[in-house]
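Here's the structure, in structure tokens; my notes come after.
Per chain, numbering begins at 1; letters A, B, ... match sequence-line order.
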Amino acid sequence: MAPPPDQSGDDTPRFRYNSALAARIETKWQDIWEERGTFEAPNPAGPLAAPDEVAGRRKLFVLDMFPYPSGAGLHVGHPLGYIGTDVYARYKRMMGFNVLHALGYDSFGLPAEQHAITTGVHPRVNTESNVANMRRQLRRLGLGHDARRSVSTTDEPFYRWTQWIFLQVFNSWYDADARRARPIAELVVEFESGRRPTPDARAWSDLTTAERNDIVDAHRLAYLSEAPVNWCPGLGTILANEEVTADGRSDIGNYPVFKKNMRQWMMRITAYADRLLDDLDRLDWPEPIKLMQRNWIGRSEGARVDFASPAGAITVFTTRPDTLFGATFMVLAPEHPLVASLTTADRRNAVEAHRARAAATKDLDRTAEGREKTGEFTGSYAVNPLTGTEIPVWIADYVLMGYGTGAIMAVPCGDQRDFEFARQFGLPIPAIQRPPVAWFDAHSIPTPVDDRVDTAQWPGAFVGDGVYINSSREGLSLDGLDSVEEGKRVVNAWLESHRLGHATINYKLRDWLFSRQRYWGEPFPIVYDEDGRPVALPDSMLPVLLPELEDFKPQALDPDDDVTDPIPPLARAAEWRDVTLDLGDGPRRYRREINVMPQWAGSCWYELRYLDPTNTDHFVDPEVERYWMGPTDGGDGRTGHTGGVDLYVGGVEHAVLHLLYARFWHKVLFDLGHVSSSEPFHRLFNQGYIQAFAYRDPRGQPVPAADVEERDGDYWYDGERVAREYGKMGKSLKNIVTPDEMYDEFGADTFRLYEMSMGPLEASRPWNTRDVVGMQRFLQRVWRNLVDEDTGTLRVADTPTPEELRRLLHRSIDGVRNDMENLRFNTAIAKLIELNNALTQEVTRSGSTPAEVAGSLVQMLSPLCPHLADELWAMLGHSDSVTYEPFPQPDPSLLVDDSIEYPVQINGKVRARVVVPADADQATVQSIALADEKVVAALAGANPKKVIVVVGRMVNLVI
RNA sequence: GCCCCGGUAGCCCAACGGCAGAGGCAGCGGCUUCAAACUCCGUACGGUGUGGGUUCGAAUCCCACCCGGGGCACCA
């Protein structure tokens, strides 16, 4: 490394705050913090207990979304949220909080495995080197993390507990009456005692062991299911619905995905649908995220109704049972199991053709614009239970097998899709509601004079409140009612009393597919006995370690091969797979589960492990959990405060999956009494993204963004004009800027400050390397105000602060505190710059910085640029880090001025300014304003019609 | 198609319904220099996407539309 500054011809002052000095200061303090364990947060109990340090401090748990340790390393966009949480956490430490802030790694996952497949290097080796690199990059950023708590999901002591939680889920069932999960043993007790009837009402003691096991297994929150799954030969694995894009391809890699029936682990998240929905109201989350979760859960209230048909009852789900009188045909999904028996001989060819077509175009053309309704008549008729009339049964691909019952009653006058279908195939569209006059007016249709409403002129279905017509039968009439709510109630009651249907709630949310045909994931703590029944391993046999493999490939398959069945890599570890174990009834042969858990598993509970990372007796000590995450109102978490992380920061891309799965697991743990919080993340904040410009040459090839020049509004590279676009940073766009480059060029403090100053944390913004220098100049000016650039000695004097500067200082303290509390770091930085600019005037005038200003400025800067602040703090004579110094407090008496300048508006335009004593009342302000010569001139003798005086703000005269 | 979020100076962004400008970049002018770079000092050119409305007063509230970003997408 080259020796410091004094190169010939360079007359830069020796102690100028430049990148070289910043690097020395920063690495020095990073070492000191590490040595002293500055950011280690004490626990009230367990292995990290330090009760004395906990006492008397409020706690704060700040959390960043769990990163995947990518092999590509970080770019400048990645740390945005980490810097934000670090600034907030540091600020809160200075406010006296015991702050827990840590970062671990979500290190299982597909990329490491695919890397292993191509290189032959074990995923653990690759993963650990990626983690090491990411740790290095983040350490250089000066994040105040408690290093003791940095766990990785791939650590055996970590995934031991992931497996333990799986067993908790497996060994539980959902008691719908109690609205909570309970241990499976309690279910057995209920069956044994007869308190709960068995499905076929036989006595528990009359059932065979296998029958009992079947019943119990069918209640578990983790269960095996033979279900259509998304098989992706290109990845060699099946995927969750959420990992498949709308056009039927894999989220990762964009390979084709096929439906296949397989026996898979499922998690009964649907049991929690209502609680996941209801508890959103008690969370401090951005509304758009709550909305996305509500949409995903997709609760809709309606009814199930049975229609008699030659093939037996066809059950439909409808949200509009009140429109049952208008159901003039039925539509089944092409895959519906009754289609074959409903189809008559003469319709068979047409129906089969449609089914084949639907299967082939599945999910693909469904997104096409202007899609036309297609379908076929099955030849059979069902009976409308209200009208008793026979209505034709059709199949059509606009009805999805995966939602509701896969069959609908079609009410063409009241549902737009049914309307279009009826128009397409010439089916009748009788009206059962008379829309309001406004509806007819809006569509320029003459309003019918009586109940003879003719839908022939309607442009579409009518949805909403309208007077019911043609809706009566013996013992039931809606005619004359005009409320949908009322109509639903009446029909539901009738259906239930006639046993033809019942009110019900339907959800879009599906159970969670929990098996993956991969190597690099948590093995299930499950073995199968000789009957193929899953058996939970006891606690004492955890962890189930991943076996070593020579070859990590799931299976080399053609991405378009939808015939071959998936074979997970663990199937090849024969001596691992087939074991003899004593599970209580003597040594027996068992076969291990060869699927592994999905990557979501670890991130479903990692925040709990941060709390007590080294505990070998509990996944988290209950007292420790209660301390960091318990409901702040001291309640039970069921009502009032939910408990959970105090601040969770991450990108909006995890709005649904991660946040929903983690909430689900947390609620199971809550129900079983393992945690006191009923939600994992009480407050959620979505940070924006840092994006970047990219440039393409005339052939469409990206060119290195760093070498593009701007001239006269155009962009040039290598003598050629290039086109600019805006998007994510990425290798393929050649627009990556790394934190390492920023450390070298400016230093970590400048980099941190720039990221925080670019805009509010929640906003996305473009990266601009050339703008970074502004923050470096700011820190240079701060440094120069406190330190002599030539000698390196302090320029701080114990002199009184001039009154005006003092007032500004206290206004700044007040404003900065407020901004920090609200995560408004960009405006906090602006206030600090403003203060420092004023300080510069004072230093220019007097030659030194008043000690009061120096101290407060350094303290206020420290959350944002902690290295520089600690260096200056030490130079100011303190031996401890500034980390735990109390944040400056404003003197309230200095926040108010003696006099206020009022703008005087005439008809809303500012015409004059008057200076008025701050304590002047309304009348005084008014008389001073009216006496002002400019005002007198503007009024020209006229009397204002109205005078508005807002004390402390302004005066407005209306003439 | 539906639902969110956002449009303020050349750019990134501030502004409890009350003086449109806190801060940064770039630009321009100046100091310094043999000259330049760096540093430093100074400097606001726009009236808030468009059109209406409410109000004494609108960037801010309401309605419609336009543009950009994101989510959902035949969900019965």
Side-chain angles (χ1 to χ4, degrees), chain A residues 10-13 16 18 246 286-292 295-296 298 300 302 316-320 323 331 333 366-367 369-371 373 396-400 402-411 414-418 420-421 506-508 652-653 655-656 686 688-689 691 710 713 726-727 753-754 757-760 762-778 780-781 784 789 815 824 826-834 836-837 840-841 844 901-913 944-948 950 952-959:
Chain A
D10 186 352
D11 53 0
T12 304
R16 167 153 299 171
N18 54 22
E287 272 312 312
I289 302 294
K290 289 188 181 183
L291 190 64
M292 284 163 72
N295 289 341
W296 191 264
S300 51
V316 304
F317 173 74
T318 177
T319 54
R320 292 290 304 275
T323 63
V331 187
R366 300 203 160 173
T367 56
E369 282 301 313
R371 59 218 156 211
K373 290 279 183 297
D397 63 2
Y398 81 91
V399 175
L400 308 173
Y403 183 78
T405 63
I408 62 159
M409 63 178 210
V411 182
D415 181 284
Q416 185 60 26
R417 294 153 304 178
D418 298 346
E420 287 166 16
F421 193 80
N506 198 57
Y507 301 92
K508 267 161 66 177
V652 71
E653 74 272 19
V656 178
N686 288 121
Y689 296 106
Q691 297 190 300
E710 184 182 354
Y726 180 57
L753 208 52
Y754 173 64
S757 73
M758 293 165 80
E762 66 271 25
S764 293
R765 49 298 224 350
W767 178 265
N768 248 323
T769 300
R770 55 171 203 188
D771 288 359
V772 181
V773 69
M775 290 303 119
Q776 188 180 41
R777 286 182 195 149
F778 164 51
Q780 275 173 350
R781 290 195 297 267
R784 193 180 303 119
E789 282 192 320
R824 315 269 316 195
N826 53 328
T827 49
I829 291 167
K831 290 181 177 77
L832 291 170
I833 292 173
E834 200 182 355
N836 186 59
N837 286 347
T840 303
Q841 307 282 322
T844 307
E901 189 186 73
Y902 279 72
V904 183
Q905 299 178 347
I906 293 177
N907 287 343
K909 299 275 181 236
V910 179
R911 298 294 185 207
R913 288 163 206 285
K945 267 190 265 178
K946 195 167 177 183
V947 180
I948 297 116
V950 183
R953 282 265 160 220
M954 46 70 69
V955 177
N956 190 15
L957 308 175
V958 184
I959 55 173

| query | Thr827(A): what forms a side chain to side chain contact (heavy atoms under 4.5 Å, CB included) with it, not counting sequence neighbours? | reply | Asp819(A), Arg824(A), Lys831(A)

| request: Mind checking side chain to side chain donor-acceptor pair (under 3.5 Å) for Tyr403(A) and listing every partner two or more places apart, or none if nothing turns up? | output: Ser300(A), Asn506(A)

| request: Sugar-phosphate means primed atoms, P, OP1 and OP2; the rest is base. With that split, encode nucleotides 10-16 of chain B 5' to 3' as B, S or - using protein heavy atoms under 4.0 Å. | output: --SSSSB

| query | Got a sec, which residues hit side chain to side chain contact (heavy atoms under 4.5 Å, CB included) with Pro760(A), two or more places apart in sequence or on another chain? | reply | Glu762(A), Ala763(A), Asn826(A)

| Sequence neighbours excluded, which residues qualify as ring pair (Phe, Tyr, Trp, His ring centres under 6.0 Å) partners of Phe421(A)? | Phe329(A), Trp394(A), Tyr398(A), Phe425(A)

| task | Can you sort out the partners of Lys946(A) under side chain to side chain contact (heavy atoms under 4.5 Å, CB included), two or more places apart, ordered by chain and number? | result | Ile948(A), Val958(A)

What's touching nucleotides 28-31 of chain B from the protein side, N or O pairs under 3.5 Å?
none

| request: List for me each residue that meets ring pair (Phe, Tyr, Trp, His ring centres under 6.0 Å) alongside Tyr754(A), sequence neighbours excluded, and say none if there are none. | output: Trp767(A)

| remark: Letter by letter from the 5' end, nucleotides 38-43 of chain B scores (B base, S sugar-phosphate only, - none; protein heavy atoms under 4.0 Å) -SSSS-

| message | I'd like to check the side chain to side chain donor-acceptor pair (under 3.5 Å) partners of Glu653(A); sequence neighbours left out, ordered by chain and number. | response | Tyr689(A)

| With sequence neighbours left out, what residues match Ala407(A) under side chain to side chain contact (heavy atoms under 4.5 Å, CB included)? | Ile314(A), Val316(A), Leu332(A), His336(A), Thr405(A)

| Those residues that, when tested against Arg417(A), pass side chain to side chain donor-acceptor pair (under 3.5 Å) (two or more places apart) | Asp415(A)

